Amino acid sequence: MTRPITARIDLSALQHNYQLAKQASQGPCLAVIKANAYGHGAEQCAKALEPIAEGFAISSLAEAKALRVSGITKPILLLEGIFEAAELAEAAQLNCWLVLHEQWQVDCLLAANLAHDWHVWLKVDTGMHRLGFSTQAALNAYQRLSMQANVKAIKLMTHFANADDLNSEQTQTQIQAFEKLVDQAGFEGDVSFANSAAILSGLNLRCNLTQWARPGLMLYGANPFYASAQPKLSDSLRAVMTISANIIAVRKLKAGERIGYGSLFQAKNAMRIGVVACGYADGYPRTAMGAPAMVEGKHTTVIGRVSMDMLFVDLHDIPTAQLGSEVELWGPNVAVSAVAAAANTLAYELFCNVKRVKFIYT
Ligand SMILES: *Cc1c(COP(=O)(O)O)cnc(C)c1O
């Protein structure tokens with residue numbers, strides 16, 4: 001018998017969330033499935049989305065190769081482009097679209113002059129200052145690329161630093177900088193700027209160009225606006241991943257007794273506690289004391305210190321809970337963002353950390 005913990009992946013919820021992204025952005029979308037589809041399984045997710053998605057976005061050639069091998073034929077964008085010149089030929093062979101964010105990548109592409117129809121996404125730094133060309137450098141790169149016969153399409157893209165804050169002035173500044181560049185370049189190709197938070201909040205450019213959205217987190221049903229002002233559309237997301245594990249022991253504490261490492265939790269009154277087969281070695285955050293969970297259809301909380309293979313849930317209000325009862329640690333009834341908030345992190349990190357559990361796809 002294996003440990004009783006699973007990650008169930010609801011691929012129809014994934015498709016639902018993709019359709020939601022398409023409706024909200026009113027344009028084509030690249031499904032962002034980097035980092036093994038945020039821990040959900042890149043190949044399974046890509047296959048479920050292949051019939052409806054315009055393309056996929058990932059961060060390495062290795063990921064692209066695995067997708068092509070598994071039969072994915074839709075466009076695949078390398079979000080950071082190539083990492084060294086030697087990757088260019090394989091990127092062509094795998095028919096990847098490339099982000100170009102550094103001068104050497106542009107030089108390399110132009111110098112190689114491969115017999116391949118390139119489709120490039122020129123990344124502009126409008127204020128996040130992580131990747132991308134300044135607007136002036138972007139104009140130069142755009143002009144050089146435009147003159148190259150084997151560059152068939154150039155899109156302009158940027159990325160927001162604070163799209164998950166509906167009131168961010170930074171986002172407005174970034175949009176204005178991007179719009180200005182599009183004007184200055186007399187640009188007529190496609191553009192792209194929206195991640196999940198920007199899609200859900202309905203951000204748009206004032207232009208008639210085709211705007212490609214890049215939904216990631218929302219595809220998996222997590223709400224980037226948890227615990228802050230949020231757009232109505234967040235309510236329509238459906239959780240894709242359910243982490244559940246069984247109760248492997250029921251403990252009865254007397255008033256005043258403590259439980260777990262550091263004896264952090266103390267029972268005020270006599271109570272029952274469930275020991276659950278999920279710990280930080282499965283990716284459950286060690287610091288998530290007080291996080292929500294669900295047992296036998298009832299909401300409860302994680303108490304005491306999370307250990308490597310186990311954690312504790314409060315059963316004092318749930319008399320029907322017993323040995324073998326299933327505990328939902330996150331999923332449709334327990335918002336992953338709420339668990340993340342209890343651990344002072346984000347759903348992104350929780351998803352990516354899931355390991356050692358059995359994945360079941362439905
Ligand atoms: C990861 C990523 C996204 C998706 O972001 P979400 O917040 O998960 O929607 C979009 N664009 C770029 C450039 C990314 O790296």
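First listed ligand is number 1; within each ligand, the first listed atom is number 1. Bear in mind the structure is a predicted one, so any value in this text is a computation, not a measurement.
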Looking at [atom], what's its closest protein heavy atom, distance included?
atom	result
atom 7 (O) of ligand 1	Tyr348 OH, 2.6 Å
atom 11 (N) of ligand 1	Arg214 NE, 2.9 Å
atom 8 (O) of ligand 1	Tyr38 OH, 2.5 Å
atom 12 (C) of ligand 1	His159 CE1, 3.5 Å

Is the Tyr284 ring parallel, tilted or perpendicular to the Trp330 ring (thresholds 30°, 60°)?
parallel
Here the salt bridge (charged side-chain N to carboxylate O under 4.0 Å, His left out) pairs for residues 244-267, sequence neighbours left out, are none
Sub-3.5 Å N/O-N/O distance, [X] and ligand 1:
X	value
Gly216	yes
Leu217	yes
Ser196	yes

Can you list the atoms of ligand 1 that are under 4.0 Å from a heavy atom of Lys123?
13 (C)
Whether the side chain of Gln23 engages the backbone of Leu20 through a donor-acceptor N/O pair (distance < 3.5 Å, no angle test) should be reported.
no
When you measure from the side chain of Thr126 to the backbone of Thr158, do you find a donor-acceptor pair of N or O atoms at a distance under 3.5 Å?
no
Quick one: does ligand 1 sit under 4.0 Å from the side chain of Glu80, the backbone, both or neither, non-hydrogen atoms only?
neither
Electrostatic pair Asp107-Arg144, nearest N-O below 4.0 angstrom:
yes
Does Lys34 come within less than 4.0 Å of ligand 1, judged by its heavy atoms?
yes
Under a 4.5 Å cut-off applied to non-hydrogen side-chain atoms, are Ile76 and Asn95 in contact?
no
Give the table of side-chain donor-acceptor pairs shorter than 3.5 Å for residues 113-120, with sequence neighbours excluded, one pair per line with atom names and distance.
| unit_1 | atom_1 | unit_2 | atom_2 | d |
| --- | --- | --- | --- | --- |
| Asn113 | OD1 | Gln148 | NE2 | 3.3 |
| His119 | ND1 | Trp97 | NE1 | 3.4 |
| His119 | NE2 | Lys155 | NZ | 2.9 |

